[in-house]
Amino acid sequence: MAVKKTAAGTAPARRTPAKKAAPGKSAVRKDTAGKDTAEKAGAAEAAEQTGATTVVAKKSPGTATAATTAVPKARGGAVEAGDLAVRPGEDPWTPEEVEEARGELQSEESRLRAELDSSERALQGLMRDSGDGAGQDEADTGTKNITREHELALAANAREMLSQTEHALERLDAGTYGLCENCGKPIGKARMQAFPRATLCVECKQKTERR
């Protein structure tokens, strides 16, 4: 009888520690998770207060790579005649002189457009004729080829001069007319009046020609 009581008494003792241990571990895990959450929340709050999450590295203007060219930039706002660049000792541009230069450039632009249009029409006619060249002698064929090459050269030259004229008008509107596109120094009013499409000063032009 004593042996049966002892066996019966020890059976519950074996199950009791297992039931109590599980809640203890769960509580420890909950406490740890709570601490982690609190630490993360505290860190986020601290970062928000100190602005650590919004700090963005800014580039200093002084660290930007220097431009490799001295091409002048367009000036903002309306450009007055007296704002155009001149060499030392030259009189400033007057409104009348600016309008005269603008009128000459615009007239040249219209002339070049008409010339280019005429050359393109002539080329189209020559291309049609070259397609119907069956039975023509070599002299006629050679003459047409020379004429076509001449018209091509005229069209290319007119197209280049038209591009330069349009660029000069843009520079005049931007206030950079009269500034060398290579060194950034004034070209000189006298040179601009003689060559309205000039983009280089005499010194830079000479250096370019030597090359």
Side-chain angles (χ1 to χ4, degrees), residues 59 61-62 64-131 143-211:
K59 295 182 179 179
T65 304
T68 57
T69 179
V71 177
K73 296 181 180 180
R75 303 177 186 179
V79 178
E80 299 293 336
D83 293 337
L84 297 179
V86 294
R87 279 182 174 268
E90 290 183 329
D91 295 330
W93 286 85
T94 64
E96 292 76 16
E97 290 171 336
V98 172
E99 288 306 313
E100 182 180 354
R102 188 188 301 277
E104 184 177 349
L105 288 169
Q106 290 174 342
S107 176
E108 185 73 358
E109 181 184 23
S110 300
R111 183 188 70 80
L112 290 169
R113 287 186 184 280
E115 182 179 332
L116 183 59
D117 185 58
S118 176
S119 296
E120 289 178 348
R121 285 200 304 269
L123 282 170
Q124 290 175 358
L126 289 169
M127 294 300 291
R128 283 196 305 269
D129 293 342
S130 64
T143 300
K144 287 183 178 180
N145 288 338
I146 293 174
T147 304
R148 184 172 62 252
E149 290 176 1
H150 178 66
E151 289 297 334
L152 284 170
L154 289 177
N157 183 61
R159 194 176 291 107
E160 177 63 24
M161 293 182 66
L162 177 60
S163 177
Q164 293 177 4
T165 302
E166 291 173 341
H167 183 52
L169 286 169
E170 291 172 356
R171 282 160 51 85
L172 192 59
D173 293 335
T176 58
Y177 189 73
L179 285 173
C180 179
E181 290 191 343
N182 185 45
C183 65
K185 296 178 181 179
I187 295 174
K189 187 171 75 170
R191 175 169 167 77
M192 295 304 302
Q193 289 175 330
F195 305 99
R197 293 189 297 268
T199 57
L200 299 175
C201 64
V202 175
E203 293 80 3
C204 291
K205 181 66 174 177
Q206 291 175 348
K207 291 179 182 178
T208 303
E209 292 175 349
R210 290 194 199 103
R211 295 173 187 171

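Everything numeric here is computed off the predicted structure, so don't read it as measured data.
- Under the 3.5 Å distance criterion, the side-chain polar atoms of Glu97 are matched with a main-chain donor or acceptor of Thr94.
- No more than 12 heavy atoms of other residues, nucleotides or ligands lie within 6.0 Å of CD in Glu100, so this atom counts as exposed by the packing criterion.
- Counting all heavy atoms, side chain and backbone alike, Leu105 lies closest to Arg197 at CD2-CG, 4.2 Å.
- Between the side chain of Glu90 and the backbone N or O of Lys189 there is at least one donor-acceptor pair closer than 3.5 Å.
- With Arg159 as reference, Glu120 is the one residue of Glu166, Glu120, Glu115 to meet the salt bridge (charged side-chain N to carboxylate O under 4.0 Å, His left out) rule.
- Heavy-atom minimum distance, Cys180 versus Cys201: SG-N, 3.4 Å.
- From Thr199, atom OG1 reaches atom CD1 of Ile187 across 6.5 Å, with rounding to the nearest 0.5 Å.
- At distances below 3.5 Å, not a single donor-acceptor pair connects side-chain atoms of Ser118 with backbone N or O atoms of Ala114.
- Closest heavy-atom contact between Leu123 and Glu151: CD2-CB, 3.6 Å.
- Residues Arg191 and Lys205 meet the side-chain proximity criterion, which asks for heavy atoms closer than 4.5 Å.
- Classification of Arg87 and Glu203 as a salt-bridged pair holds, one side-chain N sitting under 4.0 Å from a carboxylate O.
- Checked by atom type and distance alone, the side chain of Lys185 never pairs as donor or acceptor with a backbone atom of Leu179 at under 3.5 Å.
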